[in-house]
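Atom set for the values below is all heavy atoms of this structure, side chains included, hydrogens, waters and symmetry mates excluded. In the text below, chain A, chain B and the rest are named by the order of the sequence lines, each starting its count at 1.
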Amino acid sequence: MSASSVELDVLTAKDFASDQEVRWCPGCGDYSILAQIKKVLPTLGIPKEKYVFVSGIGCSSRFPYYVETYGIHGVHGRACAIATGVKLANPELSVWVATGDGDALSIGGNHFVHMLRKNIGLKVLMFNNRIYGLTKGQYSPTTELGKRTKSTPWGSVDRPFNALSVAIGAEATFVARALDSDPKQLCEVLERAARHEGTAFVEIYQNCVVFNDGAFEYSHKSQRADNTLYLEHGKPMIFGKEREKGIRLIGTHPEVVTVGKGGVAMDDLLVHDERAAEPTLAYLLSRMRHPEFPEPVGVFRCAEEKSYERRVYEQVEEAKKRLGEGDLAGLLQSGEAWEIT
Amino acid sequence: MSASSVELDVLTAKDFASDQEVRWCPGCGDYSILAQIKKVLPTLGIPKEKYVFVSGIGCSSRFPYYVETYGIHGVHGRACAIATGVKLANPELSVWVATGDGDALSIGGNHFVHMLRKNIGLKVLMFNNRIYGLTKGQYSPTTELGKRTKSTPWGSVDRPFNALSVAIGAEATFVARALDSDPKQLCEVLERAARHEGTAFVEIYQNCVVFNDGAFEYSHKSQRADNTLYLEHGKPMIFGKEREKGIRLIGTHPEVVTVGKGGVAMDDLLVHDERAAEPTLAYLLSRMRHPEFPEPVGVFRCAEEKSYERRVYEQVEEAKKRLGEGDLAGLLQSGEAWEIT
Amino acid sequence: MVTKTQAVAQPIPIQEMETVTIRFAGDSGDGMQLAGTQFSNASAIFGNDVSTFPDFPAEIRAPAGTLFGVSGYQINFSARDISTPGDRLDALVAMNPAALKTNLQDLVKGGILIINSDAFTDANLKKAHYENDPLEGEELDGYQLFKIPITKLTLEAVKDTGLTNKQAERCKNLFALGVVCWLFDRPLDPPLNWIHQKFGKTPAVDQANTLALKAGYAYGDIVEIFPVRYKVQKASLPPGTYRRLTGNEALSLGLVAAARRAGLKLFYGSYPITPASEVLQELSRHKNFDVITFQAEDEIAAISAVIGASFAGCLSATGTSGPGLDLKQEAIGLAVMTELPMVIINVQRGGPSTGLPTKTEQSDLLEAVCGRHGECPLPVLAALSPADCFGMVFEAARIAIKYMTPVVLLSDGYIANGAEPWRIPGMDELPGLHPTFASAGTTGDGFQPYARDENLARPWALPGTPGLEHRVGGLEKKDISGAVCYEPENHQLMTELRQKKVEGIAKDIPLQEVHGPARGKLLVLGWGGTAGAIQSACEAAQAKGHDVAWATMRYLNPFPRNLGDVLKSYKKILIPELNAGQLLTLVRARYLVDAEGLNKMQGRPFLIREIGDRIEQILRGVSS
Amino acid sequence: MVTKTQAVAQPIPIQEMETVTIRFAGDSGDGMQLAGTQFSNASAIFGNDVSTFPDFPAEIRAPAGTLFGVSGYQINFSARDISTPGDRLDALVAMNPAALKTNLQDLVKGGILIINSDAFTDANLKKAHYENDPLEGEELDGYQLFKIPITKLTLEAVKDTGLTNKQAERCKNLFALGVVCWLFDRPLDPPLNWIHQKFGKTPAVDQANTLALKAGYAYGDIVEIFPVRYKVQKASLPPGTYRRLTGNEALSLGLVAAARRAGLKLFYGSYPITPASEVLQELSRHKNFDVITFQAEDEIAAISAVIGASFAGCLSATGTSGPGLDLKQEAIGLAVMTELPMVIINVQRGGPSTGLPTKTEQSDLLEAVCGRHGECPLPVLAALSPADCFGMVFEAARIAIKYMTPVVLLSDGYIANGAEPWRIPGMDELPGLHPTFASAGTTGDGFQPYARDENLARPWALPGTPGLEHRVGGLEKKDISGAVCYEPENHQLMTELRQKKVEGIAKDIPLQEVHGPARGKLLVLGWGGTAGAIQSACEAAQAKGHDVAWATMRYLNPFPRNLGDVLKSYKKILIPELNAGQLLTLVRARYLVDAEGLNKMQGRPFLIREIGDRIEQILRGVSS
Ligand SMILES: Cc1ncc(C[n+]2csc(CCOP(=O)(O)OP(=O)(O)O)c2C)c(N)n1
Ligand SMILES: Cc1ncc(C[n+]2csc(CCOP(=O)(O)OP(=O)(O)O)c2C)c(N)n1
Ligand code: SF4
Ligand code: SF4
Ligand SMILES: [Mg+2]
Ligand SMILES: [Mg+2]
């Protein structure tokens with residue numbers, strides 16, 4: 001573990017295991033996410049020491065302790081803002097944010113939307129378990145209306161956020177959804193996120209066995225085909241065990257159809273376009289929720305757009321070109337100066 | 001001014017003028033907004049003492065001082081949160097928020113989105129001048145990319161928010177845009193907002209003569225017809241001096257067409273629907289920006305949905321029905337109690 | 001098999017004890033908090049005075065068997081008045097090797113050690129970093145060791161209930177509880193009632209827990225491993241109806257009581273944070289008391305909404321812990337400037353930063369007093385014990401309303417989770433709180449929102465009242481009219497008025513009580529949750545004839561008006577605090593007395609002996 | 001028309017003065033800040049010592065003619081060393097009735113009063129709440145009144161430039177400046193240079209301003225209304241190259257200098273707030289110095305990003321004012337726990353809450369020292385004057401890097417906007433700062449992020465360095481290894497280590513300088529922006545032969561190590577502060593000295609005389 005990675009040509013998941021005991025509850029969905037991250041990181045061609053993991057506070061935010069890279073376990077809600085500073089200070093680093101639905105969308109909501117709008121080159125993994133795990137079971141901004149939790153014994157009266165709609169409303173350039181219960185798809189999405197230039201936001205449905213067990217049961221293996229829609233760029237939107245169902249657009253509203261029935265042909269189906277000029281399609285997809293619709297998973301949107309840090313450093317270069325490399329003595333003497341002898 | 005309004009049957013704009021000297025810069029767009037508010041309030045059938053105006057900090061946030069009602073001039077960014085408390089404490093009050101693009105979208109962004117998602121019955125007027133007025137001219141989250149301001153002498157590198165997209169991404173039930181330069185339309189929108197049950201969000205384009213003069217010149221009277229699109233529920237989207245242009249939908253993308261040209265008929269135009277089941281259309285409209293498109297003004301979305309405070313008080317009633325009106329002695333004795341004699 | 005008749009033949013002697021301290025320790029999943037709570041309930045209902053100290057890991061459910069996953073619950077029960085959960089254990093129940101390892105050092109030599117021998121597997125021993133099985137070696141020689149195969153016996157006891165093995169095993173905490181109840185002669189009715197109430201709807205579980213509890217009790221009765229039983233007589237508590245309250249429960253009930261007595265809706269805006277979350281949770285159950293609970297998006301929104309609700313006429317409160325208090329400070333400044341009443345509860349925990357979130361500390365006092373920009377004074381109170389939270393939050397509400405001011409009430413993790421018997425007050429014992437709302441009639445011509453009454457309080461004028469339309473805000477206000485005002489002299493005046501209003505509360509709070517000689521060698525001064533340990537240590541010292549007095553403070557800003565005189569009456573002043581000397585700083589700055597601190601920052605309350613030892617040292621003339 | 005020949009015929013006598021205080025006052029739109037700045041520039045370049053005090057309304061552009069819309073700029077220029085902008089005005093320029101009304105009380109009897117008589121219209125008189133025109137009555141009898149139709153003369157002077165009337169009128173501040181430059185014998189080159197630089201691209205405006213300035217100067221020269229001119233000789237300042245700096249400019253330059261001397265990128269994360277915004281603005285101009293400025297969405301994001309940037313190896317800083325400091329406290333706690341270097345600038349303003357945002361105060365000291373939850377110590381420094389900001393922010397950076405700690409630097413609104421001449425240091429005078437980054441080679445086996453050097457600083461290990469992968473965070477850390485640790489004794493140890501590290505800085509900072517007798521009757525002690533007034537008052541008292549010494553503090557936590565001895569050397573200690581007694585509290589608590597406060601909370605700096613009077617009273621034995 002102490003071997004420095006520059007000497008290693010090929011990294012493996014093991015290289016990314018830290019010496020800290022993992023302290024999540026047995027059966028927590030966080031384990032699956034950790035495992036996939038450890039699988040993906042070594043494949044990205046980035047040396048271990050160039051990764052930084054930043055988090056806030058929550059069960060999910062313990063994540064950085066368990067990855068043998070640089071890391072900051074921040075304060076509640078501030079992960080995106082702290083990570084912004086890391087990335088702006090050194091754009092060479094691969095900076096990842098591990099956050100929860102409470103950390104990112106409740107107390108941290110503002111930093112979250114501003115990071116997205118600025119398009120700061122961070123990979124943001126939001127572990128959505130629709131509950132506050134670490135503080136033992138209060139409802140979160142993604143908890144369903146009516147749900148009874150520790151702080152809503154009479155049922156929640158709060159309409160939940162749709163995390164992806166929020167992100168799209170905030171000018172996100174990369175938006176995806178993945179499942180802790182589908183490691184393969186999770187890996188794919190993580191790889192795509194890693195390669196995006198600006199902010200890559202991934203919502204991961206994560207099971208909290210203790211305080212919200214089964215929240216995403218409909219997306220688990222046995223029911224997945226009928227209840228989720230796997231998005232692929234340029235492909236028509238098809239789902240179902242027999243891949244018999246699809247999505248068709250009526251004006252700006254999607255509807256579920258069965259291919260071959262009622263005169264619906266493959267060509268009538270909506271075709272996914274990650275890179276559309278405007279994110280309206282991605283927004284529309286984010287509104288499709290179980291049980292009315294299959295919930296889309298995969299990459300909703302991936303638009304090419306300069307990252308914030310690139311613009312920042314281009315401006316530094318521009319300033320140097322126009323004014324020359326900063327000369328301290330010159331700066332101090334600038335303005336009207338006079339001599340006293 | 002000291003006459004109590006219960007005795008007055010008919011209120012006028014004058015009744016809503018406070019004794020405070022108005023301290024905006026001569027020519028500031030805020031004056032127009034103040035004038036329209038004073039015109040609309042007396043028409044709503046609500047006694048003067050039932051209005052509360054809440055604000056944060058900014059030029060715009062001085063608003064409450066100038067309206068002869070109850071008011072709180074809060075701290076920067078917290079207007080929506082403070083107003084939430086007022087409304088939850090007493091849902092009978094008509095609670096208005098006056099805020100700026102910095103106050104609502106920068107420091108206050110989180111309270112803003114959470115208020116919208118919860119659908120708290122507030123009327124929120126955001127004076128968007130695309131600049132920080134009170135602190136003398138730094139850029140705001142709605143300032144255009146590349147713009148030079150006090151804090152961006154090399155040009156802004158921040159992609160701006162689209163305030164309406166943010167609101168729609170955050171589950172807003174009422175979203176509208178108005179212009180300080182078009183008092184009639186502003187009045188109409190304010191009235192509509194006043195009558196909405198949940199959060200009514202109105203973005204008002206407001207000219208800051210000192211630090212961002214002319215930011216919305218394209219929407220001023222002489223250029224308005226070609227550069228804005230007046231939305232009306234159930235009506236096709238038409239604009240232009242001769243009302244010759246319209247908006248047509250291609251997939252999920254709008255395009256500008258000329259009616260009668262290239263075979264475009266009135267029937268081909270997109271028809272506005274404020275109340276669509278999902279806000280995708282409103283989102284699409286929010287993406288239409290000058291100069292590529294005419295900018296829509298008026299009500300983008302107005303969906304019927306229970307307000308938060310209604311749900312809260314229904315739950316109080318439910319609790320009383322199930323457990324009876326709270327009895328303090330009984331509560332203190334609840335749990336396992338024992339006697340010592 | 002041991003049979004009942006055999007046991008009856010040899011009755012086991014009962015030994016009386018005045019005070020016993022026992023701790024249940026096991027894995028987080030072993031149900032130790034429950035066993036502890038039930039034992040303490042049973043003891044309280046029996047008539048003892050009781051004080052408890054739960055201590056659990058930061059993890060929700062740490063991996064089984066690990067050292068950091070151990071959860072403990074300590075109960076001190078007594079035939080006399082007690083004020084702490086006890087320094088040393090007379091008895092320890094250890095459900096696995098990790099629990100033994102982390103708790104044994106607190107058990108007195110010769111103490112009772114009950115062990116679940118089934119859990120001492122190789123795997124568990126390894127996780128607890130035991131090289132050898134301690135049950136085999138000499139390590140435990142100095143204790144009364146009772147090895148009981150608790151898991152096996154539990155499974156046996158509940159085998160006919162149809163539960164799965166895993167479910168059945170979960171009942172082993174009740175078996176252990178049964179054993180301990182027998183050993184200390186506790187009635188079984190309270191835990192049995194609780195089981196039926198909790199599991200009534202799932203008969204199999206109800207039955208299993210009942211069987212396990214009874215089996216544990218019977219085991220003690222039948223098996224001859226215990227040579228003696230213990231009995232702790234009832235304490236002579238003031239007569240009345242009692243219940244057990246944790247600090248957080250007491251805060252919740254106190255707020256509801258204050259709102260009812262003031263005839264106001266209660267608005268509680270909060271964001272969950274350990275160890276304050278239970279107040280939000282408990283209050284959200286009582287909506288039928290016109291309680292509006294608002295779980296905000298963060299602490300700033302919580303207090304902002306509380307300010308709005310206060311403006312609109314609710315009794316308003318927020319609760320948090322240190323990190324949340326930091327975030328609230330800007331808005332608290334607005335509350336000070338707008339002079340709106342509200343209660344701000346801060347349940348302190350180990351800091352700085354995220355620190356030790358599940359552990360206790362008293363290190364937010366200075367922040368409460370002066371953690372805002374500008375001259376921004378407000379009253380600061382502290383509760384001394386779990387049950388004291390009820391009275392103190394009520395008092396905070398009284399001061400807030402009467403003086404139109406935000407009030408900070410400090411609790412801490414130890415008080416919040418600890419429990420003690422509480423005599424339920426009669427309705428006539430709860431003072432009425434009388435908010436007086438301004439009305440258009442009473443104010444004459446124009447309404448003056450910053451005119452002041454004899455307490456320097458400004459009027460509370462509710463939106464909806466015709467004729468009182470007015471604006472408040474964070475800019476400096478003109479005296480009386482409340483208009484925005486930049487005049488230099490006015491700012492000086494208003495700054496002084498805000499200060500004087502808070503200082504004036506000193507005339508409205510009790511004098512500082514002192515226990516012991518009115519003047520002498522040593523005064524031990526404390527505040528908040530250390531009160532119990534200070535009292536116990538000083539009473540012990542006084543019993544030994546030492547010249548020592550003690551005083552524990554509930555009012556930290558302003559100070560009780562006799563405090564200066566009190567301090568000047570002793571040669572030496574010792575201030576034990578769970579911080580680096582915060583009350584010490586305030587007292588030294590104010591009264592210029594050379595007080596000395598005793599400072600513990602370990603995430604745990606003081607042991608009585610830690611304070612007692614320092615008292616002895618000082619009295620022997622040893623300097624610190 | 002008066003012609004030049006006539007004037008030359010009667011040369012006007014010149015009178016020497018040692019020190020002059022003048023104020024330009026007018027509407028916010030009248031360009032008084034500009035006139036004042038140019039006059040102070042001209043005086044500084046001429047060789048005087050100069051101190052300035054701008055004072056402007058909270059409104060961006062208040063309605064013309066109103067009392068609250070008056071903007072003023074005061075300049076004190078002198079042939080000797082001065083340290084304040086002056087108590088009383090020798091000359092006042094009042095551009096309208098409102099300016100006269102609000103400023104006249106500061107003009108000495110017999111002082112020069114220059115008035116724009118064109119502005120004394122009925123409408124303007126009414127807006128200024130004048131019943132009668134003061135130019136007509138006897139009200140101004142005690143002053144040397146010069147009524148000049150400035151508006152008319154300006155329009156006349158620029159009439160050929162093709163400007164609109166409105167544009168032309170805007171030049172009247174330069175006409176007024178010209179008059180005053182003539183009266184006090186100032187060179188015109190500095191303002192002329194400035195005009196060309198500023199308006200070079202718009203020749204008409206350039207020309208108009210030039211003409212107005214010269215016309216004003218010529219007016220003084222030609223018109224016989226001034227019986228005498230004044231001259232203030234050069235001051236004997238240390239030789240060197242000088243420039244004028246405001247406090248905020250000095251902070252910006254100091255940060256760039258520190259980053260350069262440390263060989264690091266500068267990361268400045270901030271959210272605009274009066275009176276700190278100019279630091280962000282100024283720094284954002286210097287991107288070619290590898291300066292990254294980040295205007296964050298709020299103060300919390302700003303400091304959070306600063307923490308991230310510090311972790312990644314930048315010299316990192318944030319700047320704000322009181323309300324923003326409140327918001328940053330939670331994250332500052334994280335910076336203390338993670339022991340990362342950064343500079344936190346707080347430019348104080350009138351509080352509490354939004355308070356008096358454009359006015360000055362010193363009321364955030366206690367918050368800086370103890371405004372966070374938990375035991376959360378950090379160094380706190382303060383700048384004494386505008387130019388002192390340069391050195392002190394450099395010093396803050398030095399301490400931050402050497403001790404791996406966040407450092408708070410306090411400035412205030414008075415220092416931020418005030419200006420004074422600053423001797424530009426040579427590069428050899430700026431110490432090198434030497435951050436030492438850990439490298440895999442130097443740390444042996446495993447990297448220990450919480451191992452400490454002789455200053456108790458932990459290593460700074462940059463992401464990107466192979467072999468040093470490590471995690472930091474807000475939970476309590478194990479000594480040396482930095483792993484999360486809940487052990488009681490470790491928490492005590494770490495709490496004490498953090499405290500000791502900060503206390504240890506005392507050995508690395510200068511002893512407290514004292515001016516005057518080393519022991520005696522009275523020590524006047526102060527800090528930050530009150531330094532100038534204290535110095536002036538004490539020097540005056542010493543000149544009268546009074547037994548008084550003075551000391552002004554830059555280091556507020558830890559205190560200089562000789563401070564206790566200093567304090568014990570005087571019978572009486574007076575602490576003037578623009579707050580209710582915050583340094584007073586810290587000093588009393590620490591040293592148990594019965595110091596006395598002189599407390600002003602009016603949004604304005606002390607007048608020299610306010611301190612001088614109190615000194616006299618004390619020395620006469622009058623108690624406060
Ligand atoms: C300022 C502050 N407020 C509140 C908390 C308490 N807190 C810690 S984690 C958390 C919520 C965690 O929820 P989430 O982000 O969804 O993470 P999860 O535990 O579910 O993974 C809260 C409220 C805190 N640590 N700091
Ligand atoms: C906590 C805090 N941070 C910063 C400020 C300074 N501040 C006051 S208003 C403002 C921005 C105002 O912009 P906007 O909301 O757009 O209002 P406008 O003045 O443009 O109407 C800022 C940054 C403050 N008062 N409080
Ligand atoms: S509480 Fe829930 S989210 Fe947290 S570790 Fe346990 S299972 Fe996972
Ligand atoms: S600065 Fe701009 S927004 Fe503010 S009052 Fe002046 S014109 Fe209006
Ligand atoms: Mg969660
Ligand atoms: Mg603005």
Side-chain angles (χ1 to χ4, degrees), chain C residues 57-58 68 300 321-323 325-327 329-330 333-334 336-338 348 350-359 361 363-364 366-367 370-376 473-476 486 488-489 491-492 495-496 498-499 579-580 582 584-586 588-590 592-594 600-604, chain D residues 57-58 68 300 321-323 325-327 329-330 333-334 336-338 348 350-359 361 363-364 366-367 370-376 473-476 486 488-489 491-492 495-496 498-499 579-580 582 584-586 588-590 592-594 600-604:
Chain C
F68 64 83
I300 300 176
S321 186
L325 184 62
D326 296 353
L327 292 172
Q329 291 288 15
E330 191 206 6
L334 178 63
V336 167
M337 201 66 150
T338 52
Q348 300 163 99
S353 196
T354 312
L356 296 173
T358 56
K359 308 291 176 190
E361 204 159 276
S363 49
D364 302 352
L366 286 176
E367 182 187 8
C370 52
R372 291 158 297 280
H373 75 277
E375 291 296 340
C376 196
L475 287 165
E476 183 59 285
Y486 299 103
E489 291 74 20
H491 181 47
Q492 180 99 20
T495 306
E496 286 167 2
R498 285 186 289 265
Q499 185 71 45
N579 61 42
Q582 301 199 0
L584 186 70
T585 296
L586 293 175
R588 287 172 60 99
R590 175 72 181 275
L592 298 179
V593 290
D594 193 8
K600 177 173 180 180
M601 290 147 295
Q602 305 187 358
R604 296 162 173 272
Chain D
F68 64 82
I300 301 176
S321 185
L325 184 62
D326 297 353
L327 292 172
Q329 291 289 15
E330 190 205 5
L334 178 63
V336 167
M337 200 67 150
T338 52
Q348 301 162 98
S353 195
T354 312
L356 296 173
T358 56
K359 307 292 177 191
E361 204 160 276
S363 49
D364 302 351
L366 286 176
E367 182 187 8
C370 51
R372 294 159 295 281
H373 76 277
E375 290 296 340
C376 197
L475 286 165
E476 184 57 287
Y486 300 101
E489 290 74 19
H491 181 48
Q492 180 99 19
T495 307
E496 287 167 1
R498 285 185 289 264
Q499 185 71 45
N579 62 42
Q582 302 198 0
L584 185 71
T585 296
L586 294 175
R588 286 172 61 99
R590 175 72 181 276
L592 298 178
V593 290
D594 193 7
K600 177 173 179 180
M601 290 148 294
Q602 304 188 0
R604 297 164 173 270

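- In terms of heavy-atom pairs under 4.5 Å with chain D, the best-connected choice from C:Glu476, C:Gln492, C:Glu361 is C:Gln492.
- Contact tally against chain D (heavy-atom pairs below 4.5 Å) for C:Thr585, C:Leu356, C:Leu366, C:Leu334: the top residue is C:Leu356.
- Only the side chain of D:Ile300 comes within contact range of chain C, with heavy atoms under 4.5 Å apart.
- Most heavy-atom pairs under 4.5 Å with chain C, from the set D:Ser363, D:Gly371, D:Pro352: that is D:Pro352.
- Taking 4.5 Å as the limit, every side-chain heavy atom of D:Gln329 sits out of range of all side-chain heavy atoms of C:Glu367.
- Among D:Lys359, D:Met601, D:Arg604, D:Lys600, the single residue meeting the side-chain contact (heavy atoms from CB on, under 4.5 Å) criterion with C:Pro488 is D:Arg604.
- Using a 4.5 Å heavy-atom cutoff, the side chains of C:Arg588 and D:Arg588 are not in contact.
- If you tally non-hydrogen atom pairs under 4.5 Å between each of D:Ala580, D:Cys376, D:Ser321 and chain C, the highest count goes to D:Ala580.
- When heavy atoms are compared at a cutoff of 4.5 Å, D:Arg590 approaches chain C solely by way of its backbone atoms N, CA, C and O.
- No part of D:Leu325 comes within reach of chain C, as not one of its non-hydrogen atoms sits under 4.5 angstrom from that chain.
- With respect to chain D, the highest number of heavy-atom pairs below 4.5 Å among C:Gln348, C:Glu496, C:Arg372 belongs to C:Arg372.
- Closest non-hydrogen pair, C:Met337 versus D:Ser353, comes out as CB-CB, 3.9 Å.
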With side-chain hydrogen bond (donor to acceptor under 3.5 Å, both in side chains) as the test, would you mind laying out the steps for D:His373 and C:Asp326 before giving the verdict?
CA-CA 7 Å; D:His373 76 277; C:Asp326 296 353; 2.8 Å; yes
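- Listed here is the closest heavy atom pair of C:Leu475 and D:Thr354: CD2-CG2, 3.7 Å.
- Only the side chain of D:Gln582 has a heavy atom closer than 4.5 Å to any heavy atom of chain C.
- Among C:Gly355, C:Gly333, C:Gly350, C:Pro57, the residue making the largest number of heavy-atom pairs under 4.5 Å with chain D is C:Gly355.
- Between chain D and the residues C:Gly473, C:Gly322, C:Pro357, the most heavy-atom pairs under 4.5 angstrom are made by C:Gly322.
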